[in-house]
Visitor: 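I have a structure I would like to understand better, so I am pasting it below and will then ask my questions one at a time.
Every heavy atom of this structure was used, including side-chain atoms; hydrogens, water molecules and symmetry mates were not. Read the numbers this way: they start at 1 and go in the same order the structure lists the ligands and their atoms.
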Amino acid sequence: MIPGSLVLSQVPVWQSVLARAITDPAELLAAVGLGDEWLPAARAAARLFPLRVPRGFVARMRSRDPHDPLLRQVLPLAEECLAVEGFGADPVGDLSAMAVPGVLHKYRGRVLLTATGACAVHCRYCFRRHFPYAEANPVADQWCQALNYIAGNDSITEVILSGGDPLSLSDRRLADLARRLEAIPHLRRLRLHTRLPIVLPERVTDELLGWLSATRLKTAVVVHVNHANEIDASVITALAGLKSTGAELLNQSVLLRGINDSVEVLTTLSEKLFEAGVFPYYLHQLDKVQGAAHFEVGESVARCLMAALNRQLPGYLVPRLVREIPGAPGKVWLT
Ligand code: SF4
């Protein structure tokens, strides 16, 4: 766990670190030693989807390298402003799957709660970059509609806290939500989908570990890492803290052109994840969201990469290549 999770003012350290995230493209370019020639496009693209990246994540980027795989995930580019056929605002049919505000019920036995619209980092390829979080806010009525929906449907055994990033919420709110979920007898599992332990490892506080350890629900924390360079010593410490709660740690990545579309990069990622106590779970084909077409890797290339990965790694280190298809009863496995 990260020491010093509270300062005297009782504002958790992680919230202060988050508040200092870089949101100005000029500051990001200066921080990584790149010139102003990138600035006009970055400003234009950031008007469509704002820039946000914690300084600790920026510190893991290579200086003066516009192709750095971490920088490419967060730097707004001119390509985001292009309209590309087949790429839309709601690529995975989230809106039609919303049972009540904030509850997406797509698959049998589990529901996803868009617990908050806030994220610590804005990933340029995010499939929810156009999601209307204001209309899908379960917090607005103190979770009542969402919890009533879950309590009234005993086929639901698992709740997935997603977002945005659920760990953007305070531990007080999350612990309260976990307690109310625990009170629903048919619930057995609680899953968190989060990128915060990776981009802002200070978020893994004693308070978070406390309520995660205490819940009667079996827990899984699914983090989101796309490249091994994202995992430094502070991330390894944060993941070890999460592991100590008894939670299963899994990773999901998105296959991204120019970032992780090579056998070498994916192999190193799986190995480094495992050393940090995390199993590779899913490798997602890009969801066709407007503004992210330049990240797409074709399906035949993806299948070739997976075949090569299978030759390089033991099976438990090979993630499943999947695509989400609106209306399908689960993720579609491509391998
Ligand atoms: S952390 Fe997840 S939800 Fe947030 S911008 Fe990145 S991909 Fe989207």
Side-chain angles (χ1 to χ4, degrees), residues 14 17-18 21-23 28 45-46 48-54 56-58 60-61 69-77 80 87-92 94-95 97-98 102 104 106 112-134 136-139 160-169 191-204 221-227 230-231 235 238-239 250-257 259-260 269 278 281-296 319 322-324 331:
W14 70 268
V17 176
L18 183 55
I22 294 179
T23 55
L28 174 60
L48 302 177
F49 182 43
L51 165 72
R52 171 175 291 274
V53 56
F57 193 74
V58 175
R60 295 172 226 161
M61 298 172 184
L70 276 56
L71 178 67
R72 298 298 287 202
Q73 294 180 51
V74 299
L75 178 65
L77 293 179
E80 294 178 38
F87 286 74
D90 181 19
V92 296
D94 274 349
L95 294 179
M98 201 171 341
L104 304 183
K106 290 186 180 178
L112 186 142
L113 210 52
T114 55
T116 168
C119 284
V121 65
H122 287 177
C123 312
R124 307 315 298 177
Y125 50 84
C126 179
F127 70 103
R128 293 210 178 107
R129 55 181 283 165
H130 306 290
F131 192 76
Y133 285 106
N137 182 4
V139 189
I160 302 160
L161 301 186
S162 180
D165 194 313
L167 291 189
S168 304
L169 296 174
R191 198 190 324 168
L192 268 71
H193 283 184
T194 176
R195 192 148 159 71
L196 258 154
I198 310 304
V199 300
L200 199 117
E202 295 88 340
R203 176 63 187 92
V204 180
V221 179
V222 183
V223 294
H224 172 176
V225 187
N226 297 312
H227 193 285
E230 294 172 46
I231 304 171
V235 172
L239 293 170
L250 305 166
N251 180 60
Q252 52 184 348
S253 307
V254 183
L255 185 56
L256 297 165
R257 196 199 307 169
I259 292 172
N260 60 9
L269 173 59
V278 183
Y281 170 41
Y282 278 156
L283 178 63
H284 292 265
Q285 278 290 91
L286 182 82
D287 295 315
K288 289 175 178 280
V289 68
Q290 194 179 314
H294 54 293
F295 286 115
E296 192 178 34
V322 292
R323 179 183 285 291
E324 181 159 349
K331 299 277 187 299

Visitor: Can you name the closest pair of heavy atoms from L51 and H122 and give their distance?
Guide: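 Looking at all heavy atoms of both residues, the shortest contact is C-ND1, 4.3 Å.
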Visitor: Decide side-chain contact (heavy atoms from CB on, under 4.5 Å) for L48 and R129; before the verdict, give the C-alpha distance in whole Å, the side-chain angles of both, and the deciding distance to 0.1 Å.
Guide: CA-CA 9 Å; L48 302 177; R129 55 181 283 165; 4.3 Å; yes
Visitor: Take S162 and R128 through the side-chain hydrogen bond (donor to acceptor under 3.5 Å, both in side chains) test and state the conclusion after the steps.
Guide: CA-CA 11 Å; S162 180; R128 293 210 178 107; 3.3 Å; yes
Visitor: Pick, from H224, R129, Q252, the option with the minimum heavy-atom distance to atom 7 (S) of ligand 1.
Guide: H224
Visitor: With heavy-atom distances below 4.0 Å as the criterion, list the atoms of ligand 1 near V121.
Guide: 4 (Fe), 5 (S)
Visitor: Please state whether D165 comes within less than 4.0 angstrom of ligand 1, counting heavy atoms only.
Guide: no
Visitor: Would you sort out whether L70 and E230 count as a side-chain contact (heavy atoms from CB on, under 4.5 Å), showing the intermediate values?
Guide: CA-CA 7 Å; L70 276 56; E230 294 172 46; 3.8 Å; yes
Visitor: Does only the side chain of C119 get under 4.0 Å from ligand 1, or the backbone, or both, or neither? Count heavy atoms.
Guide: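 Looking at C119 and ligand 1, just side chain atoms fall under 4.0 Å.
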Visitor: Just to check, does G164 reach to within less than 4.0 Å of ligand 1 when the distance is taken from its heavy atoms?
Guide: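 Heavy atoms of G164 do come under 4.0 Å of ligand 1.
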Visitor: Check the pair H294 / E80 against side-chain contact (heavy atoms from CB on, under 4.5 Å), numbers first and verdict last.
Guide: CA-CA 8 Å; H294 54 293; E80 294 178 38; 3.7 Å; yes
Visitor: Who's the nearest protein heavy-atom neighbour of atom 8 (Fe) of ligand 1, and how far?
Guide: C126 SG, 2.3 Å
Visitor: Counting non-hydrogen protein atoms only, what is the nearest one to atom 6 (Fe) of ligand 1? Give residue, atom name and distance.
Guide: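 It is C123 SG, 2.4 Å.
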Visitor: Which atoms of ligand 1 are found less than 4.0 Å from any heavy atom of R195?
Guide: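 Near R195, meaning under 4.0 Å from one of its heavy atoms, ligand 1 has 1 (S).
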Visitor: Any side-chain donor-acceptor pair under 3.5 Å between H284 and Q252?
Guide: yes
